[in-house]
Amino acid sequence: MVLNTIFFVLICQILAVPIKGEGYLGYGPDLKGTAGEIWPKPLWQDDSGRYFDMDPNNFKFVAVNRNCPLLQDAISRYADIIRKSAQGYVKAPQTKVVRRILKLSVNLTRTCETLPSLDMDESYYVWGDGRIIANSIWGILRGLETISQLLVPMPNGMLRIPETEIYDEPRFKYRGLMLDSARHFISKTKILQLLEGMAYNKLNVFHWHLTDDSAFPFSSAVYPELSQKGAYRPELTYSPEDVKEIVEFARKRGIRVIPEFDTPGHTASWGASHPEIMTTCSGQYNGQLGPFNPTKEATFTLLYKFFSEIRTLFPDKYLHLGVDEVNPSCWESNSQIQNYLASNGLDNGDIPYLYLERFSANITSLGWKQMAWQEGFIENPWMAWPKDTIAQIWFDYKATAATLTKRKFNVIRSQDWYLYVLETGGDWEKFYNVEPTDFSGTDAQKQLVIGGEACLWTEFINEHNVLPTTFPRVAAVAERLWSEQAHRSVDEAKLRLEEHNCRMVYRGIEARPANSFGLC
């Protein structure tokens, strides 16, 4: 009896432990999100403290200046988003309003561009009385997303919007998300949802890592055998028509699509159908196929024809060449390559340049600018990369950024933004606190940091968890790359992200909880 009494007392004490040291667990969500706050945080916003309202079933968009198909598509898309938000998860209290807004005025001041680019102008003005002004269609797209976030339903069914003035522009011009769809195939449907979520966070580059050792899921019209023998299964492939649809879907949202067919390493799937362009290993790796063989004419003939096809599908000015994790052991053990080097007065140190110099020149001749992972620059310091080549840094960031910016390369940061590194709870904070200019260098060097990119490597990600692994965690990266450096308060961001996550979930994005228990 005494033991039962002691046990009962202990249980009561445990259940009475305060949550986070403040009071006791009560009804409702752990965190109450904001209502009508913007993600990512704008550069400048001034609120009067007053509000307007708008009937979600009785408003219209009006293009008051320039017009184009991209603008009309965006207006139609955001009209639908705004109408549906009346039933959304985010709610505002019943609020006294100054007047009702009947139209949203969209003022595009310059002729529509057709393709998003590295140097596109994404700046815009938004006023709470329903006006959006921007010099470019890309700024209009970002302004439409902002005004859609300002509008929040009240109990009477009307949408509340603050009397506010916003001027906004991104801190960095490259704000990316990379998807590896080789290790696990990710369907076109999920990719389109990823792109939609990117637009909600004002991300502007979709870096598509299409092939790797594991699989070759792109169905080439020129070399169909690459996917016939290199894909996991025939149906787990992307047709040229799929690619065109994805690129067009992204374009309409101001998102660039940069393809990566990683070479000369990570190419085992190419060897399934074309072993003649691979390096046959001896010694420790005897019988295995290593990187592309840069001493064979057949290698460059195939690559030129293949990338000529790719050029017709991806209109962006940049191609990602890969050039990461190239193990030279196979090159150094291959007798044919060693004989070639000896007969041409070369040594093993020349092998990477035999590949990079010719491949890079061919890519330039096809009209592309180039990106590569950091190894392409650090391990090959004598490589004369073309002007405007971008280095993507994924490890040893401080030292590598200092080295490459000193050599005048533009760089983007990916280190510490690997989304497959999961922790329990709302682990977005570790991404939010990463700073792309955190390295020793001059102001001029830090100006060469043009942005960053979150990476979705898919060893442990597939069709069924790709979206909740990405969202809302990538939103933290998006705000770090868009908003000014001074905006670093996790406590302030937490409540806005709680709202933004509910917004994304209601819009159809399969996002995991942002912080703790609650509505979303």
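- Using a 4.0 Å cut-off between charged nitrogen and carboxylate oxygen, Lys202 and Glu145 do not count as a salt-bridge pair.
- The disulfide bond (SG atoms under 2.5 Å apart) check on Cys520 picks up Cys502, with sequence neighbours excluded.
- The side-chain hydrogen bond (donor to acceptor under 3.5 Å, both in side chains) test applied to Ser329 returns Asn327, not counting sequence neighbours.
- Using cut-offs of 30° and 60° for the angle between ring planes, the Tyr223 and Phe306 rings count as tilted.
- In plain terms, the two heavy atoms of Ile509 and Gln193 that are nearest each other are CD1-O, 3.5 Å.
- A salt bridge links Lys173 with Asp119: the distance from a Lys NZ or Arg NE/NH1/NH2 to an Asp or Glu carboxylate oxygen falls below 4.0 Å.
- Between the side chains of Ser123 and Glu169, no donor N or O sits under 3.5 Å from an acceptor N or O.
- Once rounded to the nearest 0.5 Å, the distance linking CG of Leu108 with SG of Cys68 reads 6.0 Å.
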- Evaluation steps, salt bridge (Lys or Arg N to Asp or Glu O under 4.0 Å), between Arg171 and Glu479: CA-CA 10 Å; Arg171 180 183 173 204; Glu479 178 149 301; over 6 Å; no
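- Phe261 and Phe307 have perpendicular rings, their planes meeting at more than 60° on a 0 to 90° scale where under 30° would count as parallel.
- Between the side chains of Ser136 and Glu113, no donor-acceptor pair is found at a separation under 3.5 Å.
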- Trace of the salt bridge (Lys or Arg N to Asp or Glu O under 4.0 Å) decision for Lys190 with Glu463: CA-CA 7 Å; Lys190 293 294 184 181; Glu463 179 80 355; 5.3 Å; no
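- Side chain to side chain, Glu453 and Gln392 meet the donor-acceptor criterion of an N or O pair below 3.5 Å.
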- Kindly indicate, with the supporting measurements, whether the criterion ring pair (Phe, Tyr, Trp, His ring centres under 6.0 Å) is fulfilled by Trp385 and Phe377. CA-CA 9 Å; Trp385 290 99; Phe377 306 85; 4.9 Å; yes
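- Contact check on Glu245 versus Lys188 returns a salt bridge, with a Lys/Arg side-chain nitrogen under 4.0 Å from an Asp/Glu carboxylate oxygen.
- Under 4.0 Å is where a charged nitrogen must lie from a carboxylate oxygen, and between Glu499 and Arg503 at least one such pair does.
- Asn348 and Gln338 share a donor-acceptor pair across their side chains, judged by distance under 3.5 Å alone.
- A donor-acceptor pair shorter than 3.5 Å can be found between the side chains of Asp168 and Trp482.
- The environment of CZ in Phe395 is crowded: more than 12 heavy-atom neighbours from other residues, nucleotides or ligands sit within 6.0 Å.
- Gln370 and Thr389 are not linked by any side-chain donor-acceptor pair at a separation below 3.5 angstrom, with hydrogens and angles left out of the test.
- Ion pairing of Arg253 with Glu196 is present here, as a side-chain N (NZ or NE/NH1/NH2) and a carboxylate O approach within less than 4.0 Å.
- Checked by atom type, the side-chain pair Asp242/Ser239 shows a donor-acceptor distance below 3.5 Å.
- Taking the charged nitrogens against the carboxylate oxygens, Glu459 and Arg183 do have a contact shorter than 4.0 Å, which makes a salt bridge.
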- Does the pair Tyr89 and Tyr506 meet the rule for a ring pair (Phe, Tyr, Trp, His ring centres under 6.0 Å), with working shown? CA-CA 6 Å; Tyr89 296 147; Tyr506 187 75; 5.3 Å; yes
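- Relative ring orientation between His207 and Trp373 is described as tilted, the plane-to-plane angle lying within the 30° to 60° band.
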- Message: Applying side-chain hydrogen bond (donor to acceptor under 3.5 Å, both in side chains) to Tyr418 and Trp457, what does each step give before you reach the verdict?
- Response: CA-CA 8 Å; Tyr418 272 34; Trp457 297 108; 3.3 Å; yes
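- Under 4.0 Å is where a charged nitrogen must lie from a carboxylate oxygen, and between Glu423 and Arg473 no such pair does.
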- Taking it one step at a time, do Trp270 and Phe216 satisfy ring pair (Phe, Tyr, Trp, His ring centres under 6.0 Å)? CA-CA 7 Å; Trp270 298 66; Phe216 197 106; 5.1 Å; yes
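- Less than 6.0 angstrom separates the ring centroid of Phe185 from the ring centroid of Tyr238.
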- Test ring pair (Phe, Tyr, Trp, His ring centres under 6.0 Å) on Tyr200 and Phe471 and set out the steps. CA-CA 11 Å; Tyr200 299 154; Phe471 301 103; 8.4 Å; no
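- Inspection of the Thr470 and Arg512 side chains reveals no N or O donor paired with an N or O acceptor under 3.5 Å.
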- Task: Decide yes or no on side-chain hydrogen bond (donor to acceptor under 3.5 Å, both in side chains) for His500 and Asn201, but give the supporting numbers first.
- Result: CA-CA 9 Å; His500 186 52; Asn201 288 279; 2.9 Å; yes
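- At a threshold of 4.0 Å, the pair Lys398-Asp438 counts as salt-bridged, since one of the basic side-chain nitrogens sits closer than that to a carboxylate oxygen.
- For Tyr304 and Asn362, the side-chain atoms include no donor-acceptor pair closer than 3.5 Å.
- Atom NZ of Lys84 has 12 or fewer heavy atoms from other residues, nucleotides or ligands within 6.0 Å.
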- Item | salt bridge (Lys or Arg N to Asp or Glu O under 4.0 Å) between Glu498 and Lys494, intermediate numbers included | CA-CA 6 Å; Glu498 190 72 16; Lys494 187 176 292 184; over 6 Å; no
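- The two atoms that bring Met278 and Asn293 nearest to each other are O-CB, 3.8 Å, heavy atoms only.
- Judged by the 6.0 Å distance and 45° axis criteria, Arg413 is positioned over the aromatic ring of Tyr397.
- The environment of Lys296 atom NZ is dense: over 12 non-hydrogen atoms of other residues, nucleotides or ligands sit within 6.0 angstrom.
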